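Take a look at the structure set out below.
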Amino acid sequence: AERSLRLILTDLGEERVYALLRNKAVLLKPNLCIDYPPERGATTHPSVVEAMVRVCLDAGARVTIGDGAAVGIRGNPGEATGMLDICRRYGLPFCDFNREEGVTVRLEDAYALFETKIARSYFEAETIVNLPVFKSNLLFMISGALKNMKGFLVGTEKHKPHILGVPRCVADVNRMLRQDLVLMDGLIGMMGDGPAGGEP
């Protein structure tokens, strides 16, 4: 995965990419929506995340990995997906956004989500690297980079889009929050009842 990822970054323009990472506080945002192993295709594969970690560290970045799983998950998504192993190996912090203090963000001209609470880690990062996984979703044809940003909503704030309308709320979240670099994990796709019930 690392060789492929570095080739992609070269194609994107190494200088431009490394300017986002060099000596910056970088937050890697994989999709860890559920406590499934990576072979299921519902979460970002750890080899992709680890490859990005190595690229970031080579650039002198201070790296954090984080996400907030779907509300009600009883297991430990960080452990099940292999993210905590990566954090232990490289001495990195892991943030569970659902356990963080939320910062209230308002969007006056929102389509549906006029106010929500966003994980504090988002505001502490200089560079946001979004690492979604390629999969289908019951509410969309594809769940990708835009929907992955919903993970920044703290705890039960994640219920709001399901009440107000997910597509419009996802649009609003992406007007509230920036993504500096997006790399989609396509190692194992998931087809069927997304975000988690499909087949790899």
Side-chain angles (χ1 to χ4, degrees), residues 1-13 17 20 26-56 63-87 89 94-98 127-153 158 161-162 165-171 173-174 177-200:
E2 185 177 346
R3 182 173 177 276
S4 298
L5 187 140
R6 288 183 185 272
L7 287 171
I8 290 167
L9 296 182
T10 300
D11 286 343
L12 288 174
V17 170
L20 293 170
V26 176
L27 176 58
L28 303 185
K29 168 53 177 86
N31 185 325
L32 311 179
C33 66
I34 196 164
D35 55 339
Y36 284 176
E39 296 76 23
R40 296 281 296 270
T43 56
T44 306
H45 201 281
S47 66
V48 172
V49 178
E50 184 169 9
M52 194 66 220
V53 165
R54 292 170 67 90
V55 167
C56 289
V63 182
T64 300
I65 299 172
D67 194 12
V71 177
I73 299 300
R74 295 180 184 222
N76 185 334
E79 198 71 65
T81 59
M83 297 303 139
L84 289 179
D85 281 343
I86 294 170
C87 290
R89 276 203 302 281
F94 178 82
C95 297
D96 179 348
F97 299 158
N98 290 336
T127 298
I128 305 294
V129 179
N130 189 358
L131 300 170
V133 60
F134 185 68
K135 61 181 180 177
S136 61
N137 190 283
L138 287 170
L139 298 170
F140 310 90
M141 288 295 288
I142 294 173
S143 175
L146 296 177
K147 187 163 183 294
N148 198 37
M149 295 299 283
K150 186 172 163 276
F152 280 110
L153 275 62
K158 289 184 174 68
H162 294 280
V166 174
R168 288 170 182 263
C169 288
V170 166
V173 168
N174 281 275
L177 308 180
R178 75 184 194 282
Q179 307 175 53
D180 299 301
L181 179 63
V182 178
L183 291 161
M184 180 175 275
D185 163 24
L187 284 180
I188 303 174
M190 193 198 75
M191 186 173 180
D193 293 342
E199 294 296 322

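Computation of the quantities below employed the complete heavy-atom set of this structure, encompassing side-chain atoms and omitting hydrogens, waters and symmetry-equivalent molecules. Computed from a prediction, not measured in an experiment: that's the story for all the values here.
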Neighbour count above 12 (heavy atom, 6.0 Å) for [X] [atom1]:
X    : atom1 : result
R178 : CZ    : yes
F134 : CZ    : no
R6   : CZ    : yes
E199 : CD    : no

Side-chain ([X]) to main-chain ([Y]) donor-acceptor, under 3.5 angstrom:
X    : Y    : result
T44  : L131 : yes
N148 : K29  : yes
K158 : L153 : yes
T64  : L27  : no
N174 : L146 : yes
D185 : P132 : no
D193 : G198 : no

**Report entry** Pair K147-N31, side chain to side chain donor-acceptor pair (under 3.5 Å): steps then yes or no
**Finding:** CA-CA 10 Å; K147 187 163 183 294; N31 185 325; over 6 Å; no
For a quick test of reading the model, state the closest non-hydrogen atom pair linking [X] to [Y] and the distance between them.
X    : Y    : answer
D35  : G75  : OD2-CA, 3.1 Å
F94  : C87  : CB-SG, 3.7 Å
D96  : G68  : OD1-CA, 4.2 Å
G66  : P30  : O-CD, 3.5 Å
M184 : A145 : CE-N, 4.2 Å

Requested in this report: Assess whether side-chain contact (heavy atoms from CB on, under 4.5 Å) is satisfied between N130 and M149, documenting all intermediate values.
Outcome: CA-CA 8 Å; N130 189 358; M149 295 299 283; 3.6 Å; yes
**Report entry** Pair R89 + E50: basic N to acidic O under 4.0 Å
**Finding:** yes
Report task. Would you check, one step at a time, whether the test side-chain contact (heavy atoms from CB on, under 4.5 Å) holds for D67 with F97? Result -> CA-CA 5 Å; D67 194 12; F97 299 158; 4.3 Å; yes
Rounded to the nearest 0.5 Å, what's the gap from [atom1] on [X] to [atom2] on [Y]? Could you check?
X    : Y    : atom1 : atom2 : answer
L20  : D180 : CG    : CG    : 5.5 Å
L183 : L181 : CG    : CG    : 4.5 Å
I142 : S136 : CD1   : OG    : 8.5 Å
I65  : L28  : CD1   : CG    : 5.5 Å
K135 : T43  : NZ    : OG1   : 7.5 Å

Query raised in the report: How far apart are the C-alpha atoms of V129 and T127, what are their side-chain angles, what is the distance that settles it, and do they pass the side-chain contact (heavy atoms from CB on, under 4.5 Å) test?
Result: CA-CA 6 Å; V129 179; T127 298; 4.1 Å; yes
Query - Chi angles and distances behind the side-chain contact (heavy atoms from CB on, under 4.5 Å) call for V26, M52 - result: CA-CA 11 Å; V26 176; M52 194 66 220; over 6 Å; no
